[in-house]
Student: 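A single structure is presented below for examination.
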Amino acid sequence: MKSKRESNTRFRLVLTLGLAVVLPALTLIFVNFQHVKSIQRDRKVEALIHRDFQYLLTIGAKKMASKAYGMTEAVREEFPSLDDSDDEKRRKLDQIIQKNPWFTHVFLYDAKKGVIVQQQRNLMTEKEADESGKMYSAWFNLEGAYLCGQLSRKPKPIMWMPGESQGHDELVYTTTAIFSFPEHGSDRIVLGGAGFDPKYLKNTFFPQFIEELTSQSFTNDPEQLYEQGFHELMPREAIEHPDQKLAMMVYPADVLKAEPDRPLAMSAGWGSGKPEVSYKLDDPFRGLALGIKFQGTTAQAISHRWVWQSFLILGVLSVLMIGGLVLTYRSVNKQVALARLKSDFVSNVSHELRTPLALIRLYAETLELGRINTQEKKHEYYSIIRKESERLSALINNILDFSRIEAGAKEYDFRETDIAELVRNTLDSYRYQIEQQGFALEEQIDPGIPSVKVDREAIARALVNLVNNALKYSDNEKFLG
């Protein structure tokens, strides 16, 4: 019956743990596991990184275009007046060239007076300037009116003529700004322009922007990832990538097949391989593209690492939960066993208390009724009552000591004690009970045992416990010695 009751208690406790703790925890882990699998299947981490890449490239392209427009507008404001003489116009155009060494040439076209080209002498020869002047003159004579009309409808009266041209030993990228002067009215065709130096674009302009865009660590926007529910699986620090450096390059947009073989500019950490995300540039650098990737890794590798870290965390959580369940189950078993021991202890103590109480009552009533006439018999009864009282006190002290030991408040009183006397007195107090249960008691105590420093009551109780155990669990041999 008792074993069945203990089994029911364990079952109820385990069932409570399962319903209150294990089942919700397993459900949460399963849901998160499925969520990570969906992230892996749909490549959400890569999509978020690529979206951030695209945003960064868009910002970079706008900044480059804004700077090119700003440089061109600054030059346009310094162009000579149409009323100036040709020599004055050349002088002012030459001043513009000297102040802006990133232009190979500037020109001014007037349908009534022709075209004036002023070149950067260390970048363009007289012959090349003359050929450019003839080209501009022929083009604007045919389409000057159309171009002025197109420019008048733009927020900024600037258009661009990008493309590749043959340099001394390689193809170079060039872009030339063409602008109108709306203040001169629509009845007169006047156009100006400035051509950017290809070497300046390749060696200074593009590298500066690449350096600016890649100088800081790449960090995914945590709010975007939190919106996607990633915070359910990993802390914010794990979502961010503060140590991932970026690599960027500028290259002709039509040459990217396997890898760009002639980039205009790239960051030092590019290495090899093609961009993860590309962005085709518009005016003023039409025909070029910006590419971006991580240094030394890829978005796919980061996604895989993130997914496996998530699986690892879920696995660790599962193991911890199972370990906690096992420890809890063992603790429950221990508590059940302890409760059983306490119950047995109370039952045994109750039984032990009945015997001395019954004897004390029996002999006290006999004496009270006056049935004992001899003084010797009375003395024997008084001795039994005293011994049983001492035994009862010992049992009560055992109970109190048990409570103190369990609470950690037990204190011992060590004194010089004659062990032989202590053992003899203790056995004498239990002699009657021993004889009543049919046991033979033989004492062999060495009188030469020296005195030792002990807690007298603790040693006596230990000896009493040994005697009680012998009385309880001895079957055939009823002998104590």
Student: At their closest point, which heavy atom of Leu201 faces which heavy atom of Pro207, and how far apart are they?
Tutor: O-CD, 3.8 Å
Student: At their closest point, which heavy atom of Lys202 faces which heavy atom of Pro263, and how far apart are they?
Tutor: CE-O, 4.4 Å
Student: Just by distance, do the side chain of Gln295 and the backbone of Lys245 share a donor-acceptor pair under 3.5 Å?
Tutor: no
Student: To check you understand the geometry: which heavy-atom pair defines the closest contact between Pro198 and Val172, and what is its length?
Tutor: CB-CB, 3.9 Å
Student: Got a second to check how far Leu246's CG is from Ser267's OG, nearest 0.5 Å?
Tutor: 8.5 Å
Student: State yes or no: are the ring centers of Phe179 and Trp160 separated by less than 6.0 Å?
Tutor: no
Student: Under 3.5 Å, side chain of Thr174 to main-chain N/O of Glu164, donor-acceptor pair present?
Tutor: no
Student: Rounded to the nearest 0.5 Å, what's the gap from CD1 on Ile210 to CG on Leu290? Could you check?
Tutor: 7.0 Å
Student: Looking only at non-hydrogen atoms, find the nearest pair between Gly60 and Leu213 and report the distance.
Tutor: CA-CD1, 3.7 Å
Student: Before you tell me yes or no, could you show the steps for Met71 and Lys67 under side-chain contact (heavy atoms from CB on, under 4.5 Å), namely the whole-Å CA-CA distance, both residues' side-chain angles and the distance that decides it to 0.1 Å?
Tutor: CA-CA 6 Å; Met71 295 166 69; Lys67 184 174 181 180; 3.9 Å; yes
Student: Using 0.5 Å steps for rounding, measure from the CG atom of Asp282 to the CG atom of Leu288.
Tutor: 11.5 Å
Student: To the nearest 0.5 angstrom, please state how far the CD1 atom of Ile385 sits from the CD1 atom of Ile360.
Tutor: 7.5 Å
Student: Is any side-chain heavy atom of Met249 closer than 4.5 Å to a side-chain heavy atom of Phe206?
Tutor: no
Student: Working to the nearest 0.5 Å, report the span between CD of Glu73 and CD1 of Ile158.
Tutor: 4.5 Å
Student: Identify the two heavy atoms, one from Phe103 and one from Leu123, that lie closest to each other, and give their separation to 0.1 Å.
Tutor: O-CD1, 4.2 Å
Student: Can you name the nearest heavy-atom pair linking Thr176 to Gly195, along with the distance?
Tutor: OG1-CA, 3.8 Å
Student: For atom CD of Glu416, is the number of surrounding heavy atoms from other residues, nucleotides or ligands below 6.0 Å larger than 12?
Tutor: yes
Student: Assess, by modelled atom type and distance only, whether the side chains of Tyr251 and Ser278 contain a donor and an acceptor separated by less than 3.5 Å.
Tutor: yes
Student: Check the angle between the aromatic planes of Phe205 and Phe285 and answer parallel, tilted or perpendicular using the 30° and 60° thresholds.
Tutor: tilted
Student: Are more than 12 heavy atoms from other residues, nucleotides or ligands located less than 6.0 Å from atom NZ of Lys62?
Tutor: no
Student: Determine whether Pro252 and Leu264 make a side-chain contact, defined as any pair of heavy atoms from C-beta on separated by less than 4.5 Å.
Tutor: yes
Student: Counting distance only, does the side-chain N/O of Asn100 pair as donor-acceptor with the main-chain N or O of Trp102 below 3.5 Å?
Tutor: no
Student: Heavy atoms, side chains only, cut-off 4.5 Å: are Met64 and Pro284 in contact?
Tutor: no
Student: Decide yes or no for Lys63 and Glu212: does some side-chain heavy atom of the first lie under 4.5 Å from some side-chain heavy atom of the second?
Tutor: yes
Student: Side-chain contact, heavy-atom cut-off 4.5 Å: Lys99 with Glu78?
Tutor: yes
Student: Output all residues satisfying ring pair (Phe, Tyr, Trp, His ring centres under 6.0 Å) with Tyr279, sequence neighbours left out; order by chain, then residue number.
Tutor: none
Student: Between Met248 and Met266, is there a side-chain heavy-atom distance shorter than 4.5 Å?
Tutor: no
Student: Does the side chain of Phe196 reach to within under 4.5 Å of the side chain of Thr72, using non-hydrogen atoms?
Tutor: yes
Student: Distance from Leu357 atom CG to Ser389 atom OG, nearest 0.5 Å?
Tutor: 9.0 Å
Student: Under 4.5 Å between any side-chain heavy atoms of Val250 and Tyr173, yes or no?
Tutor: no
